[in-house]
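Structure, as structure tokens:
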Amino acid sequence: DGGITQSPKYLFRKEGQNVTLSCEQNLNHDAMYWYRQDPGQGLRLIYYSQIVNDFQKGDIAEGYSVSREKKESFPLTVTSAQKNPTAFYLCASSMGLQETQYFGPGTRLLVL
Amino acid sequence: AQSVTQLGSHVSVSEGALVLLRCNYSSSVPPYLFWYVQYPNQGLQLLLKYTTGATLVKGINGFEAEFKKSETSFHLTKPSAHMSDAAEYCCAVSDRSNYQLIWGAGTKLIIKP
């Protein structure tokens with residue numbers, strides 16, 4: 001059964017701590033994306049990757065980092081430099097950058 | 001820069017009534033257009049999309065949308081609302097020369113019994 005999985009569903013971060021959100025897909029998609037969703041705002045692009053070992057900054061990359069060592073995986077690290085990390089984080093993938101994006105179930109990050 | 005406007009952060013309709021969710025975009029060149037639905041604490045699911053061809057697009061769950069170039073609009077409709085339609089609906093556009101999706105702020109659809 002193909003799809004996109006994100007874990008954990010909820011994540012708590014302490015001050016000064018880095019946390020990593022997992023995103024895995026078995027759709028054989030080349031492109032993957034990370035978005036941030038805040039109440040009353042549209043989704044905002046954090047990072048995207050067109051192919052393995054390559055990724056590009058989106059509109060709000062500051063305080064975040066990613067890696068793309070495998071086609072199936074695109075983890076997002078929220079660093080201590082991100083001063084307002086509380087949000088709902090969505091991972092997506094597509095066959096190519098111009099193709100329809102499919103989304104995972106999301107991870108909600110909360111700050112303790 | 002491209003922008004997307006969804007009129008009304010909340011729309012309330014009675015069960016069985018017409019659903020109309022509005023989406024306008026700013027591009028002078030017809031973009032690709034998308035509607036996604038999001039249930040609470042879940043990811044987004046594609047409802048329908050317009051790329052080329054027929055301007056009336058049919059999607060899942062009885063929804064449809066019409067691309068109107070002259071009005072730069074892509075409004076979402078459903079003839080008869082069902083309680084299960086209660087969700088957040090997000091409109092997005094993609095420039096034909098650019099990968100990036102630009103998203104509206106979303107409209108929460110509330111269904112009254």
Side-chain angles (χ1 to χ4, degrees), chain A residues 3-11 21-25 27 29-51 54-61 87-110, chain B residues 1-11 21-27 29-53 57 59-60 65 74 87-108:
Chain A
I4 303 173
T5 57
Q6 290 186 243
S7 61
K9 188 172 183 178
Y10 296 95
L11 186 58
L21 286 62
S22 170
C23 177
E24 304 276 334
Q25 56 97 1
L27 300 169
H29 286 172
D30 286 317
M32 297 187 74
Y33 314 80
W34 275 106
Y35 290 94
R36 171 178 171 141
Q37 188 177 36
D38 294 281
Q41 295 188 42
L43 272 67
R44 292 181 289 169
L45 183 65
I46 305 172
Y47 269 98
Y48 68 98
S49 168
Q50 187 175 357
I51 199 168
D54 180 67
F55 49 83
Q56 304 295 328
K57 293 182 179 180
D59 298 324
I60 57 165
F88 192 51
Y89 290 86
L90 288 161
C91 179
S93 71
S94 63
M95 286 294 292
L97 290 182
Q98 291 278 23
E99 304 297 325
T100 299
Q101 295 182 22
Y102 296 88
F103 285 80
T107 293
R108 188 166 296 281
L109 177 60
L110 300 166
Chain B
Q2 180 88 263
S3 66
V4 178
T5 303
Q6 290 187 240
L7 188 62
S9 59
H10 294 74
V11 169
L21 303 180
R22 300 178 188 273
C23 175
N24 288 87
Y25 61 92
S26 63
S27 174
V29 176
Y32 296 131
L33 299 155
F34 304 81
W35 275 101
Y36 283 83
V37 60
Q38 184 179 29
Y39 297 100
N41 294 310
Q42 293 187 29
L44 281 73
Q45 179 182 6
L46 181 68
L47 268 180
L48 49 81
K49 65 179 180 180
Y50 170 80
T51 54
T52 59
V57 181
I60 61 171
F74 191 55
E88 182 103 2
Y89 290 80
C90 301
C91 180
V93 303
S94 173
D95 192 291
R96 288 172 187 266
S97 62
N98 187 324
Y99 66 89
Q100 190 168 339
L101 286 180
I102 307 300
W103 295 84
T107 297
K108 185 173 184 178

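All chains are named by letter (A, B, ...) in the order of the sequence lines, taking the proteins before the strands, and each is independently numbered beginning at 1.
A heavy-atom distance below 4.5 Å is not found between the side chains of B:Leu101 and A:Tyr33.
Annotation: A:Ile51, atom CD1; neighbour count of heavy atoms from other residues, nucleotides and ligands within 6.0 Å does not exceed 12. When the shell of 6.0 Å around CG of B:Leu7 is examined, it contains 12 or fewer heavy atoms from other residues, nucleotides or ligands.
Chosen from A:Arg44, A:Gln6, A:Arg108, A:Gln37, the residue pairing most often with chain B at heavy-atom distances under 4.5 Å is A:Gln37.
Closest non-hydrogen pair, A:Gly40 versus B:Ala105, comes out as O-CB, 3.6 Å. Here the shortest heavy-atom pairing between A:Phe88 and B:Gln38 reads CE2-NE2, 3.6 Å. Listed here is the closest heavy atom pair of A:Gln98 and B:Tyr32: OE1-CE1, 3.8 Å.
Interface residue A:Gln101: backbone and side-chain heavy atoms are both found under 4.5 Å from chain B. Contacts between B:Leu44 and chain A at a heavy-atom distance below 4.5 Å involve backbone atoms as well as side-chain atoms. At a 4.5 Å heavy-atom cutoff, the contact between A:Leu45 and chain B is made by side-chain atoms alone.
Of the inter-residue distances, the one linking B:Tyr36 atom OH with A:Leu90 atom CG reads 11.0 Å to the nearest 0.5 angstrom.
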